[in-house]
Amino acid sequence: MPPAPPPDQRCWLLKSEPNVFGYPDLVRVGCEPWNGVRNYQARNFLREMRAGDLCLFYHSNAQRSGKGQTGVAGVARVVREAYPDNLQFDPASAYHDPKSTPDSPRWSMVDVAPAFAFPAVLPLDTLRTLPEWQDSPLTRKGTRLSVLPVTEAQFRAALAAAGVDLHASHV
DNA sequence: GCCAACGTTGGC
DNA sequence: GCCAACGTTGGC
């Protein structure tokens with residue numbers, strides 16, 4: 001028997017507006033199809049996700065909606081790998097894509113479930129102060145990807161800054 | 001293929 | 001509400 005391959009778990013960041021769907025909503029529903037992504041680069045990242053991958057759950061635009069601070073609210077886990085986004089075929093949806101067909105769906109989604117919440121939202125301002133996050137698209141002005149890869153160092157730094165003990169979290 | 005107009009994102 | 005910085009669209 002060959003040795004088991006090393007786990008190639010990757011880390012990601014998912015943006016969501018908390019007034020639309022926040023981390024508490026994810027906890028409430030238990031599992032959520034991450035649909036509505038309509039950017040090719042973000043879609044490609046969705047397709048790279050593997051079951052078990054961990055995602056920082058980022059609350060964007062939180063101030064506007066009075067839903068707390070903008071920043072990372074917790075960690076989600078990928079529980080189902082990319083499959084066709086249901087909304088692209090729904091004419092009533094704002095995410096309907098008339099150019100997409102069931103034969104060759106253009107857009108994908110994954111299912112995510114809550115892993116653990118941060119004790120408090122880790123503010124974007126704090127994230128910006130972390131050396132690991134200096135070069136991230138998230139902290140650079142004008143980059144608006146809603147799905148983006150995060151390095152393991154960035155992931156660990158975020159958890160540390162949030163006061164999360166990685167070992168105690170059963171990640 | 002170029003590029004101006006337009007729409008969207010998202011911090012502030 | 002403002003607006004910078006993108007991505008997309010569509011005329012040519």
Side-chain angles (χ1 to χ4, degrees), chain A residues 10-29 32-49 53-76 78 82-112 114 117-151 153-155 157-163:
Chain A
R10 295 183 65 185
C11 301
W12 309 91
L13 183 142
L14 297 174
K15 288 186 195 173
S16 188
E17 303 209 8
N19 60 324
V20 178
F21 191 87
Y23 194 81
D25 296 311
L26 182 64
V27 172
R28 180 172 46 79
V29 300
E32 177 74 3
W34 208 255
N35 51 22
V37 171
R38 293 295 178 269
N39 171 283
Y40 284 105
Q41 201 178 346
R43 180 205 67 180
N44 293 341
F45 287 140
L46 286 178
R47 291 180 177 178
E48 290 179 27
M49 290 183 177
D53 282 2
L54 297 176
C55 310
L56 298 174
F57 195 106
Y58 181 81
H59 284 180
S60 63
N61 249 324
Q63 264 88 351
R64 176 200 292 266
S65 55
K67 287 266 183 178
Q69 268 196 301
T70 294
V72 181
V75 173
V78 176
Y83 62 110
D85 182 322
N86 56 324
L87 298 181
Q88 66 193 313
F89 307 123
D90 179 2
S93 170
Y95 297 106
H96 178 235
D97 186 344
K99 285 179 253 178
S100 192
T101 66
D103 286 342
S104 64
R106 180 177 299 192
W107 305 108
S108 300
M109 62 184 178
V110 298
D111 286 355
V112 295
F118 282 1
V121 171
L122 177 66
L124 176 58
D125 284 345
T126 304
L127 221 42
R128 287 192 214 274
T129 66
L130 305 177
E132 293 85 353
W133 283 84
Q134 297 307 307
D135 288 332
S136 169
L138 184 74
T139 50
R140 270 203 308 272
K141 199 178 166 77
T143 51
R144 303 164 309 171
L145 271 183
S146 63
V147 180
L148 50 109
V150 157
T151 66
Q154 287 172 332
F155 187 83
L159 263 58

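From a predicted model like this one, the values you see are computed outputs, not experimental measurements. By convention in this document, chain letters (A, B, ...) are assigned in the order of the sequence lines, proteins followed by strands, and residues within each chain are numbered from 1.
Arg140(A) has its CZ atom 15 Å from the P atom of dG11(B), to the nearest Å. As a whole-Å value, the separation of Arg43(A) CZ from dT8(C) P is 11 Å. For the pair Glu17(A) CD and dG10(B) C1', the interatomic distance rounds to 7 Å; values are reported in whole Å. Summarising the geometry, the separation between NE2 on His59(A) and P on dG11(B) is reported as 12 Å, rounded to the nearest angstrom. The CD-C1' distance, from Gln69(A) to dG10(B), rounds to 16 Å in whole Å. Taking atom CG of residue Leu138(A) and atom P of nucleotide dC6(C), one finds them 14 Å apart after rounding to whole Å. Rounding to whole angstrom units, CG of residue Leu124(A) and C1' of dC12(B) are separated by 11 Å. For the pair Tyr40(A) OH and dT8(C) C1', the interatomic distance rounds to 10 Å; values are reported in whole Å.
A heavy-atom distance below 4.5 Å is found between the side chains of Thr70(A) and Gln63(A). Asp85(A) has its side chain out of reach of Pro105(A): every pair of non-hydrogen atoms, C-beta onward, lies at least 4.5 Å apart.
The aromatic rings of Phe45(A) and Trp12(A) are tilted relative to each other, their planes meeting at an angle between 30° and 60°. Taking the six-membered ring for Trp and thresholds of 30 and 60 degrees, Phe21(A) and Trp34(A) have ring planes more than 60 degrees apart, a perpendicular arrangement.
Closest to the Arg144(A) side chain, of the nucleotides dG11(B), dG7(B), dT9(C), is dG7(B). The side chain of Tyr58(A) lies closest to dG11(B) when the candidates are dC6(C), dG11(B), dT9(C). Between dC12(B), dT9(C), dG7(C), one nucleotide has an atom nearer to the side chain of Asn39(A) than all others, and that is dG7(C).
Across all strands, Arg38(A) comes closer than 4.0 Å to no nucleic acid atom at all (heavy-atom distances). Using a 4.0 Å heavy-atom distance criterion, Thr143(A) is classed as making no nucleic acid contact.
If you find the closest nucleotide of DNA chain B to Tyr95(A) and to Asp125(A), the one lying nearer the 5' end belongs to Tyr95(A). Take the nearest nucleotide of DNA chain C for Asn61(A) and for Lys141(A): the residue whose nucleotide is more 5' is Asn61(A).
Taking the six-membered ring for Trp and the full ring otherwise, Tyr40(A) and Trp107(A) have centroids separated by under 6.0 Å.
The phosphate of dG10(B) has OP1 or OP2 within less than 4.0 Å of a side-chain N or O from Lys15(A).
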